[in-house]
Novice: 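Dropping the structure in here first, questions after.
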2 protein chains.
Amino acid sequence: MTRAPQKRRLETRARLQEVAATIVQEQGYSGLRVEDVVARAGVAKGTLFSHFKDKDGLLAVLIGDEVMRLLDGMEAGDPPQDADELTARLAPHLDYVGQDRVIFDLLLRYSGTTAAEPDEVVTASFIRQVTLLTRWLQVLQTAGQIRQDQPPELLAEGIQAFLNHVLGVWFCMEHDDETPPARALAPYLQAWLQPAP
Amino acid sequence: MTRAPQKRRLETRARLQEVAATIVQEQGYSGLRVEDVVARAGVAKGTLFSHFKDKDGLLAVLIGDEVMRLLDGMEAGDPPQDADELTARLAPHLDYVGQDRVIFDLLLRYSGTTAAEPDEVVTASFIRQVTLLTRWLQVLQTAGQIRQDQPPELLAEGIQAFLNHVLGVWFCMEHDDETPPARALAPYLQAWLQPAP
DNA sequence: AATCAAAAATGACCGCGGTCAATTATAAAA
DNA sequence: TTTTATAATTGACCGCGGTCATTTTTGATT
């Protein structure tokens, strides 16, 4: 029987997470260094790794939280009325992930974990995202706005695939003036959701 | 005006690449260590990085070569007659990439580079793959086997997206007895290519 | 208050990728 | 042959993530 964590431990973990979030805000995700986190939190390096499996584990919490916040925004208001509106709703998520390759890599690494490690925030955020998408698609199917020959779950996973695709392409070029991921997404979703009578 | 490379240099590079390929064959891609490569090749560590930008640069050559070999096999014979046959033709590629996360990560990192660095083998392999897919899709469209309302280029890119999607999911679980990527791909392609009259 | 076992934290140490000023080999010019 | 510019190689060094045997702290028990 494992004992409940002591107060000190919870405080330490919270401090580590706060400090990490601050550094990310100052330097971005790519600028995050474990040594900086522990230095500013006033703990030893080993302590961080007793709270988080590895650096990715820490990032997963930070990013998971952020995705949850984005989902709050996405969920507010009525469901999208048609495919174009749905595409537009995904723009904030694309903008967020598109800002730093670190986010993309991490989400990809956790993106199929829907079963294992369900206690992780990032996993919960994934489940929530796919659930929300599925609900939206169901509504659009009922309204006759999109194809009805496929289950909404499959359509939702397909959208995830296209999201990652446009992001992958986005990170492969020096994105100076190129088409942002949000714009690149449209033709795929149009073709994917188009009604097939 | 940059001079032509000396014979010595070409030999060194070839040796490094051979040694690396051997180690990969023995230990797999994840087992490749730069220090091992230079030790067995009898050169200093710095030499490797004067021949390849970084470890990924070396991997890109090894993996690019392998993908080219796979494409040779794919291109042999007649183009697929229908969507299912096309799906089956992609299985060897999925099996190869699915064997090691290192391959997946690397290909993803280069997967949109179709424009920049066209001299890299891995980039050439990408162009070749998408070209081949496009050609096949065009044939299938003409034969009325798949949807004709979208350009074959878009359909080809969509297939890439689904390939990466099923691979991503594949790497996210302890793949003991789960459905292999090749089987997971079918429903997506079926829905993606289905004729829309 | 003294004792003790589990929890929490520590920091020296390691693995491994990548850098760069210094050194050596090469081939063309004098 | 000697000189000289540049191509090629070297290896000590660094950054950074991650480990683990050891030490310190904590809260319950006597």
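Numbers restart at 1 for each chain; the letters A, B, ... are given by sequence-line order, proteins then strands.
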Novice: Looking at the side chain of B/Val34, which of C/dG11, C/dG17, D/dT9 is the nearest nucleotide?
Specialist: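 Output: C/dG17.
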
Novice: Closer than 3.5 angstrom, by distance alone: can the side chain of A/Gln141 be matched with the main-chain N or O of A/Gln148 as a donor-acceptor pair?
Specialist: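 Side chain of A/Gln141 to backbone of A/Gln148: no pair is present.
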
Novice: Hey, is the side chain of A/Lys45 pairing donor to acceptor with the base of D/dG17 inside 3.5 Å?
Specialist: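 Side chain to base: pair found, below 3.5 Å.
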
Novice: Are any of A/Thr47's side-chain N or O atoms less than 4.0 Å away from OP1 or OP2 of C/dT10?
Specialist: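 Answer is yes, contact under 4.0 Å.
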
Novice: Side chains of B/Leu16 and B/Phe52, heavy atoms from C-beta outward: is any pair under 4.5 Å?
Specialist: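 B/Leu16 reaches B/Phe52 side chain to side chain.
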
Novice: Separation of A/Leu48 atom CG from C/dA8 atom P, in whole Å?
Specialist: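 Taking CG of A/Leu48 and P of C/dA8, I get 15 Å after rounding.
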
Novice: Would you mind reading off the distance between A/Lys55 atom NZ and D/dG17 atom P, rounded to a whole angstrom?
Specialist: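 Rounding to the nearest Å, NZ of A/Lys55 and P of D/dG17 are 4 Å apart.
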
Novice: Give the rounded distance in Å between these two atoms: NZ of B/Lys53 and P of C/dG17.
Specialist: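 That distance rounds to 15 Å.
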
Novice: Quick check: on DNA chain C, is the nucleotide nearest A/Gly46 upstream (toward 5') of the one nearest B/Leu32, or the reverse? Name the residue that is more 5'.
Specialist: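 Going by which nucleotide is closer to the 5' end, it is A/Gly46.
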
Novice: In whole angstroms, how far is the C1' atom of C/dA7 from the CD atom of A/Glu11?
Specialist: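 That distance rounds to 15 Å.
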
Novice: Kindly say if A/Arg9 contacts the phosphate of C/dA9, meaning a side-chain N or O under 4.0 Å from OP1 or OP2.
Specialist: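 So the side chain of A/Arg9 is within the cut-off, an N or O lying under 4.0 Å from OP1 or OP2 of C/dA9.
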
Novice: I need the CG-P distance between A/Asp36 and D/dG18, as an integer number of Å.
Specialist: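 Value for this atom pair: 15 Å.
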
Novice: Answer with yes or no whether the side chains of A/Tyr29 and A/Gln99 bring together a donor and an acceptor at under 3.5 Å.
Specialist: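 There is no such pair (donor and acceptor under 3.5 Å, judged by atom type) between the side chains of A/Gln99 and A/Tyr29.
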
Novice: I need the CZ-P distance between A/Arg8 and C/dA6, as an integer number of Å.
Specialist: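 Atom CZ in A/Arg8 sits about 16 Å away from atom P in C/dA6.
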
Novice: C/dA7 P sits how many Å from A/Leu10 CG, rounded?
Specialist: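 It is 14 Å, rounded to the nearest whole Å.
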
Novice: Starting at atom CZ of B/Phe49, determine the distance to atom C1' of D/dG15, rounded to an integer number of angstrom.
Specialist: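 Whole-Å distance recorded here is 13 Å.
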
Novice: Taking the side chain of A/Glu35 as its heavy atoms from C-beta onward, which of D/dC16, D/dT9, C/dA8 lies nearest to it?
Specialist: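 Closest nucleotide to the A/Glu35 side chain: D/dC16.
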
Novice: When you get a sec, tell me which of D/dA8, C/dG18, D/dT9 is the closest nucleotide to the side chain of B/Pro5?
Specialist: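 My answer, after comparing the listed nucleotides, is D/dA8.
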
Novice: May I ask you to test the B/Tyr188-B/Thr87 pair for a side-chain heavy-atom distance under 4.5 Å?
Specialist: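 Sidechains of B/Thr87 and B/Tyr188: no contact.
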
Novice: Of the candidate nucleotides D/dG18, C/dG11, C/dG17, which contains the atom at the shortest distance from the side chain of A/Ala44?
Specialist: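 Given the options D/dG18, C/dG11, C/dG17, the side chain of A/Ala44 is closest to C/dG11.
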
Novice: Would you tell me if any nitrogen or oxygen in the side chain of B/His51 comes within less than 4.0 Å of OP1 or OP2 on D/dT9?
Specialist: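 Indeed, a polar side-chain atom of B/His51 lies that close.
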
Novice: Measure the shortest side-chain to side-chain distance between B/Phe162 and A/His165 over non-hydrogen atoms and say whether it is less than 4.5 angstrom.
Specialist: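 No, every pair of side-chain atoms sits at 4.5 Å or beyond.
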
Novice: Looking only at side-chain N and O atoms, does A/Thr12 come under 4.0 Å of OP1 or OP2 in C/dA9?
Specialist: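 Checking C/dA9 against A/Thr12, a side-chain N or O does come within under 4.0 Å of OP1 or OP2.
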
Novice: From the set D/dT9, C/dC16, C/dT10, return the single nucleotide nearest to any side-chain atom of B/Arg33.
Specialist: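 So the side chain of B/Arg33 is nearest to C/dC16.
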
Novice: Relative to the 5' end of DNA chain C, which residue comes earlier, B/Asp54 or B/Gln6, by the nucleotide with the nearest heavy atom?
Specialist: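 The answer here is B/Asp54.
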
